[in-house]
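Keep in mind that this is a model prediction, so the values were computed, not measured.
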Amino acid sequence: MTNAEHSVRGDAAADPGTRAAAARAVLWVLVAVLAVRQVAVVVRRPPGERLTDFETWTGASGVLHMAGSLYDPGRFTGTPFAGLVLKPLTTSAEDALGVVWTFGSLLLVVALGFVAVRALPAPVSRRTAFLAAPFAIALLMVSLPVRNTLFLGQTSILPVLLVLLACFVARGERLPGVLTGIAAAFQPAVLLFAALFWLTGRRRAAATGGATFAACTALAWAVMPQDSWTYWVHHLAGAGLGERPDSLANQSLHGALLRFGLQGPPEIALFLVLAAAVVLVGLRRAVRYARDGQLLLAVAVTGCVAVAVSPTAWQHQLLWVLLAVVGRVGTRASDRLVWPAVVVLVLTLPGKMLLPNVGVLLPVRDNVLLVAALGAACVAPFLSRTSPHWSRPVPTDHARPVEPRFAWVPLFPFWRRVLSRPNLLLELLLIRVVYSAYAKVRLAATAGRPTAEEHGRQIHAAERWLHIDIEHWANHTVVGVPWLRDFFDYYYSTFHFIVPLTILGVLYVRRPSDYRWVRSSIGFATVLALAGFWFYPLAPPRLMPGLGFIDTVHGVQNLDSPDFGALTAVTNQYAAMPSLHFGWSLWCGVVILLLAPKVWMKVLGMLHPLFTVSTIVATGNHWVLDAVGGGAVVAAGFGLTYVLCGPRRLRSGAAADESPGPEPAEAAGTPVPERIGTTGSPV
């Protein structure tokens with residue numbers, strides 16, 4: 001059956017279509033670029049900063065050696081069997097080993113990707129079969145476990161590959177057991193797969209796996225008895241090796257309990273109880289998915305259980321969690337991307353990018369990889385292949401746009417807006433990740449103080465020529481009126497984020513189709529603003545020497561002090577052109593003007609950009625031309641949204657079916673009343 005299924009997938013992939021072929025070529029190019037980059041990163045690092053888990057074996061001559069115990073320096077965290085396998089590398093030169101090791105690890109990643117794609121549960125669409133291999137390999141290469149493995153020189157990819165080979169490639173019962181036993185000799189928690197074999201009826205494979213693990217461990221005891229005693233007895237299966245067990249790098253239940261402040265026997269007892277519960281629930285789910293024909297998901301769930309219950313689960317050992325992306329969660333098509341998106345984001349981005357630095361969220365942020373592993377093992381409601389929604393989820397109700405003014409709009413006709421609101425969790429993750437990326441790029445986009453001040457002089461000269469250089473007058477006028485100064489200072493530091501987030505929240509609840517439209521427009525505007533920050537760093541008036549501006553928000557700053565500009569390390573103070581303070585406020589005003597049902601709401605909404613432009617000028621934080629730039633990027637954001645998505649006004653699917661052509665009023669461009677979509681929200 002496996003061969004027949006594989007041949008069918010091969011035939012399906014043989015006729016992909018032109019677009020799929022082009023996409024596949026792009027993905028393979030991306031894989032090649034990522035591979036070259038990974039090798040270059042290792043090669044360019046000086047000795048001592050690459051393959052750091054091998055650093056303790058490097059002698060003065062640059063050749064690896066293995067003198068004394070593996071665990072004396074405190075960096076090697078693998079099993080004694082892993083050290084025994086790596087021992088022949090002690091005759092290699094460190095420089096050559098860096099290239100060979102990295103290249104070999106990348107080959108393991110490629111093999112892992114191919115085996116995982118082969119194991120996808122049927123049925124697999126033609127396009128998926130054609131694009132899956134390069135996509136999976138690229139995803140593996142950018143994941144945190146693989147990047148961490150390549151940096152440290154670890155063997156964590158090998159156990160995962162051995163288990164996949166045992167489950168999906170090896171024939172019979174003996175060879176799968178041998179491969180699993182060897183994998184467990186590298187990573188002891190992997191021995192749980194022997195239990196999976198036993199519970200799914202493959203008892204000979206389970207027994208062979210246990211025997212192979214015992215043989216490998218006994219061989220290591222015979223060759224390196226002192227190291228074996230240190231690992232298995234003194235450190236109790238490696239617990240305590242490497243970094244502190246309560247460090248954020250240890251994403252196991254044991255590490256989380258230690259970070260929560262539990263110590264000694266109470267912590268050990270609670271850990272054992274929780275570990276037993278996770279093993280019981282996780283293995284039962286894995287057996288159910290294996291019998292359902294989702295063996296790859298069963299492997300992923302078992303691996304996540306192993307991660308959670310292991311005394312130490314370092315970042316490079318968490319590749320099992322990424323395999324859980326194959327599970328399908330959600331009966332609606334609009335929710336189907338939530339689970340894979342969460343898994344990919346968690347396994348590719350640091351926790352501080354996913355969640356803000358808020359006290360109540362810190363326990364989740366610090367243990368986000370463990371949370372993902374526990375979610376995959378015990379919580380995520382993966383669909384059964386017998387579910388009617390497995391291949392046919394509840395379809396999304398797409399809106400039908402009105403006739404656009406230009407024939408080539410929308411430029412991307414497949415980018416269809418939907419009438420229902422997007423999944424809240426996915427949307428929050430998207431907003432958080434995009435803002436984190438924006439903050440990082442904004443912070444990096446600086447060419448230094450001299451360039452920023454030169455650009456400031458250029459802007460000041462241009463405003464004097466245009467007779468709009470009112471910043472100095474406004475700044476000193478406001479300073480002379482204490483209550484007005486306090487009002488502007490408060491407005492500058494408070495409403496910049498509150499108002500846009502409030503508008504997005506209200507539209508998400510009340511006007512979901514308009515929410516997608518306005519969210520896209522502010523996103524485009526923000527991305528365009530980054531180009532201005534990067535290519536034209538600009539000193540605001542308050543940071544211009546000799547012009548006499550007073551910084552009312554941040555206080556007096558000594559431009560001659562050597563420590564001047566220290567705040568720039570936290571937030572780029574030279575990201576002034578364009579002004580997103582004004583740009584976002586203008587976006588708020590336009591959205592309220594277009595969508596608010598009452599006239600007084602529209603008037604109140606337009607006051608926000610008026611107050612904001614007065615604030616940024618009066619406090620010395622922006623030039624007048626910065627506000628012009630902010631308005632330009634917002635206009636461009638609305639324009640791009642129109643070009644890509646079409647006009648804002650939509651028709652529901654039912655209305656469009658009843659009236660396939662545009663109504664006379666619509667064709668003439670005359671405003672028509674908003675129709676009600678199937679969700680009950682005005683669209």
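Side-chain rings of Phe193 and Trp198 stay apart, their centers remaining 6.0 Å or farther from each other.
The side-chain hydrogen bond (donor to acceptor under 3.5 Å, both in side chains) pairs that include a residue from residues 251-263 are Asn250-Ser252, His254-Glu267, Arg259-Asn367, where partners are two or more places apart or lie in different chains. The side-chain hydrogen bond (donor to acceptor under 3.5 Å, both in side chains) pairs that include a residue from residues 25-40 number zero, where partners must be two or more places apart or lie in different chains.
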Side-chain atoms of residues 177-192: list all donor-acceptor pairs with protein atoms under 3.5 Å, sequence neighbours left out, distances to 0.1 Å.
unit_1 : atom_1 : unit_2 : atom_2 : d
Thr180 : OG1    : Pro176 : O      : 2.8

Contacts under 3.5 angstrom, residues 308-315 side chains, donor-acceptor by atom type, not counting sequence neighbours:
unit_1 : atom_1 : unit_2 : atom_2 : d
Ser310 : OG     : Thr312 : O      : 2.8
Gln315 : OE1    : Asn148 : ND2    : 3.2

Just do the side-chain contact (heavy atoms from CB on, under 4.5 Å) check on Leu140 and Ile157 with the steps written out, would you? CA-CA 10 Å; Leu140 287 168; Ile157 300 173; over 6 Å; no
Would Ser156 and His316 count as a side chain to side chain donor-acceptor pair (under 3.5 Å) if you check the C-alpha gap in whole Å, the side-chain angles of each, and the deciding distance to 0.1 Å? CA-CA 6 Å; Ser156 302; His316 57 82; 2.5 Å; yes
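With hydrogens and angles disregarded, a donor-acceptor distance shorter than 3.5 Å links the side chain of Arg336 to the backbone of Gly330. The backbone N or O of Ala324 lies less than 3.5 Å from a partner atom in the side chain of Trp339, making a donor-acceptor pair. Put simply, the side chain of Arg24 gets close to the backbone of Phe130: a donor and an acceptor are under 3.5 Å apart.
Residues satisfying the side chain to side chain donor-acceptor pair (under 3.5 Å) test with Thr217, not counting sequence neighbours, are none. Applying the salt bridge (Lys or Arg N to Asp or Glu O under 4.0 Å) rule to Asp246 yields the partners Arg244; only residues at least two apart in sequence or on another chain are considered.
Contact check for Leu383 versus Val329: no side-chain heavy atoms found under the 4.5 Å cut-off. The shortest distance between side-chain heavy atoms of Leu361 and Arg365 does not fall below 4.5 Å. Residues Leu369 and Leu347 have side chains in contact (heavy-atom distance under 4.5 Å, counting atoms from C-beta outward). Side-chain contact between Cys304 and Leu374: absent, with no pair of heavy atoms (C-beta onward) separated by less than 4.5 Å. With a 4.5 Å cut-off on side-chain heavy atoms, Val299 and Trp320 count as touching.
Within a 6.0 Å radius of CZ in Phe135, other residues, nucleotides and ligands contribute 12 heavy atoms or fewer.
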